[in-house]
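Comments concern the structure below.
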Amino acid sequence: MNILKKAAAGIIAATMLLSVAGCSKGNYALKLGDVTVSPGVYVYLQTAALNEAQSSEDYDAELKNIWDNKIDGLSLKDYINDKALENTKQYAVVEDWFNEKGLTLSEDDLANADAYADYYWEYYSEYYEALGISEDSFKNVMTNNYKYQDLFMDYYSPDGENAIPEDELRQYYTENYAQYKAISISKIDPETSTAYDDDTLTVLEQKANDYLSRLQSGEDIDKLIYEYALENAKEGEEVTLAEGDENLQNVELSAESKLSNAVFDAEAGTPTLASDDNYYYVFIRYDVSENEEYYDSLLETLMYNCRSEEFEDLLAEKTANAKFDINTGELKKYKPKKLVDEQ
């Protein structure tokens with residue numbers, strides 16, 4: 001995944017907010033062609049690098065001196081600085097490439113980037129300003145992520161330089177996505193939130209087998225889902241009959257649950273019984289190749305899953321070959337130690 005995406009996602013999940021010295025007005029972190037990157041972007045990516053390091057398997061939070069940590073064979077300080085610089089370079093390459101292609105962000109993308117930045121800036125502005133990250137720098141990082149996505153889509157879209165063959169996308173779709181309808185019979189007693197006793201589970205398993213037999217005899221699964229819901233509705237709870245695609249549920253191969261494994265192992269159209277610790281599932285798998293609406297809704301995800309690594313390699317190559325004007329003197333002002341000292 002693009003590190004700028006990781007950095008943006010990290011705002012939501014971060015449990016630490018870090019502080020460094022402020023940035024001098026008019027200074028810059030690096031330049032690439034007509035692109036000038038502010039120190040605030042570099043500092044933000046320093047904090048992202050620290051957060052990434054602290055999430056690494058190499059990181060030992062129990063060390064008395066956290067700076068004794070080694071991440072990927074580097075001292076923690078060098079890891080933060082190297083990672084932040086590399087990702088600042090990538091930020092600049094995305095900006096430069098986006099401009100070179102003559103692309104512009106859509107109004108929706110601009111509005112989404114602004115809304116996202118405004119929301120989190122309201123909560124974290126005090127902390128980020130203490131870091132030397134201005135609101136503009138923060139928004140620029142968010143906007144850069146949308147530019148990355150637009151570059152990806154421009155490069156691989158049907159009219160792009162390297163359009164992904166539709167057959168490849170559809171094969172990935174049918175191999176990695178499935179849909180099903182299920183009668184889900186709970187093994188958990190709602191009164192105690194614990195599993196039913198063995199006798200009750202035997203009765204429930206028989207009920208599941210009865211539903212399986214009825215499906216095998218040609219009964220409508222939507223009506224059986226409705227029947228089960230009626231039988232188990234709480235007093236006053238309204239239950240309606242769902243038909244068509246309303247009961248369809250989506251699952252990905254990567255889910256790797258007992259249910260998802262059973263769905264992918266099942267033949268489309270064949271009633272099947274599966275179970276896990278919490279439910280008996282009586283389900284029918286549906287052929288996703290016949291669902292164009294679902295395919296269309298996943299198209300960008302399919303493209304990304306098929307080409308993200310290749311695009312990351314391309315971006316890394318462009319970054320390695322780019323000629324940067326790095327303001328080393330400015331970057332030296334931002335000591336990783338301060339990121340922790342003022343937590």
Side-chain angles (χ1 to χ4, degrees), residues 12 166-167 169-305:
I12 304 172
E166 184 177 356
D167 287 350
L169 291 171
R170 288 191 177 274
Q171 180 178 348
Y172 187 91
Y173 168 62
T174 56
E175 290 178 354
N176 289 275
Y177 293 86
Q179 293 184 303
Y180 67 96
K181 294 180 180 180
I183 305 160
S184 301
I185 302 172
S186 179
K187 297 180 179 182
I188 306 300
D189 184 344
E191 299 297 326
T192 64
S193 298
T194 59
Y196 286 115
D197 59 48
D198 290 345
D199 289 342
T200 303
L201 290 175
T202 298
V203 172
L204 293 175
E205 184 176 10
Q206 182 57 54
K207 180 183 282 290
N209 277 294
D210 290 344
Y211 277 125
L212 179 64
S213 296
R214 292 171 67 181
L215 284 176
Q216 291 170 335
S217 298
E219 290 196 47
D220 187 332
I221 190 169
D222 288 321
K223 292 180 179 178
L224 294 185
I225 292 172
Y226 175 64
E227 176 186 306
Y228 179 74
L230 275 178
E231 290 178 0
N232 292 273
K234 296 178 181 178
E235 185 176 351
E237 181 181 354
E238 183 179 353
V239 178
T240 58
L241 174 62
E243 296 181 293
D245 290 345
E246 291 183 76
N247 282 320
L248 270 180
Q249 299 186 61
N250 307 323
V251 64
E252 297 181 36
L253 184 62
S254 60
E256 295 184 348
S257 66
K258 289 184 178 179
L259 174 59
S260 67
N261 291 341
V263 170
F264 277 96
D265 288 342
E267 293 291 332
T270 301
T272 305
L273 173 61
S275 69
D276 58 22
D277 292 340
N278 297 317
Y279 291 93
Y280 294 107
Y281 303 98
V282 186
F283 69 87
I284 294 177
R285 179 182 180 179
Y286 290 80
D287 186 354
V288 292
S289 67
E290 298 176 358
N291 193 332
E292 286 299 306
E293 184 177 351
Y294 187 40
Y295 174 80
D296 290 341
S297 73
L298 290 170
L299 186 55
E300 290 190 12
T301 300
L302 298 173
M303 292 171 64
Y304 185 79
N305 287 343

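Please read these numbers as outputs of a predicted model, since none were measured by experiment.
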- Is there side-chain contact between D199 and V203, with at least one heavy-atom pair below 4.5 Å? no

Taken to the nearest 0.5 Å, the spacing of S260 OG from L253 CG works out to 7.0 Å

* Asked: Got a sec: does the CD of Q249 have more than 12 other heavy atoms crowding it under 6.0 Å?
  -> yes

Interatomic distance, CG@L259 vs OG@S184, rounded to 0.5 Å, equals 7.5 Å

Of all heavy-atom pairs linking I185 and Y228, the shortest is CA-OH, 3.3 Å

Sequence neighbours excluded, the answer for salt bridge (charged side-chain N to carboxylate O under 4.0 Å, His left out) partners of E219 is R214

Residue pairs meeting ring pair (Phe, Tyr, Trp, His ring centres under 6.0 Å), one or both in residues 267-293, sequence neighbours left out, come to Y279-Y281

Rounding to 0.5 Å, atoms CG (L169) and CG (L298) come to a distance of 11.0 Å

Interatomic distance, CG@N176 vs CG@N305, rounded to 0.5 Å, equals 7.5 Å

Show the numbers, then the answer: is there a side-chain hydrogen bond (donor to acceptor under 3.5 Å, both in side chains) between Q171 and D167?
-> CA-CA 6 Å; Q171 180 178 348; D167 287 350; over 6 Å; no

Side chains of Q179 and N250: closer than 4.5 Å at any heavy-atom pair?
yes

Note: D277 and K258 closest approach over all heavy atoms is OD1-NZ, 4.2 Å

Taking distance alone, no hydrogens or angles, what donor-acceptor pairs closer than 3.5 Å link side-chain atoms of residues 261-273 to residues at least two apart or in another chain?
residue: N261; atom: ND2; partner: S257; partner atom: O; Å: 3.2
residue: T272; atom: OG1; partner: T270; partner atom: O; Å: 2.9

Subject >> L215 and V282, any side-chain heavy atoms less than 4.5 Å apart >> reply: yes

So salt bridge (charged side-chain N to carboxylate O under 4.0 Å, His left out) across residues 288-297, not counting sequence neighbours, yields R170-E292

Item to complete: For E205 and N209, test the side chains for any donor-to-acceptor distance below 3.5 angstrom and give the result as yes or no.
Response: no

d(D210 CG, L204 CG) to nearest 0.5 Å is 11.5 Å

Residues 169-209 vs ring pair (Phe, Tyr, Trp, His ring centres under 6.0 Å), sequence neighbours excluded, gives Y173-Y294, Y173-Y295

Taking distance alone, no hydrogens or angles, what donor-acceptor pairs closer than 3.5 Å link side-chain atoms of residues 238-248 to residues at least two apart or in another chain?
residue: E246; atom: OE2; partner: E243; partner atom: N; Å: 3.4
residue: N247; atom: ND2; partner: D222; partner atom: OD1; Å: 2.8
residue: N247; atom: ND2; partner: A242; partner atom: O; Å: 3.3

dist K223:NZ -> L230:CG (nearest 0.5 Å) comes out at 13.5 Å

Nearest heavy-atom approach of K181 to I225 is CB-CD1, 4.3 Å

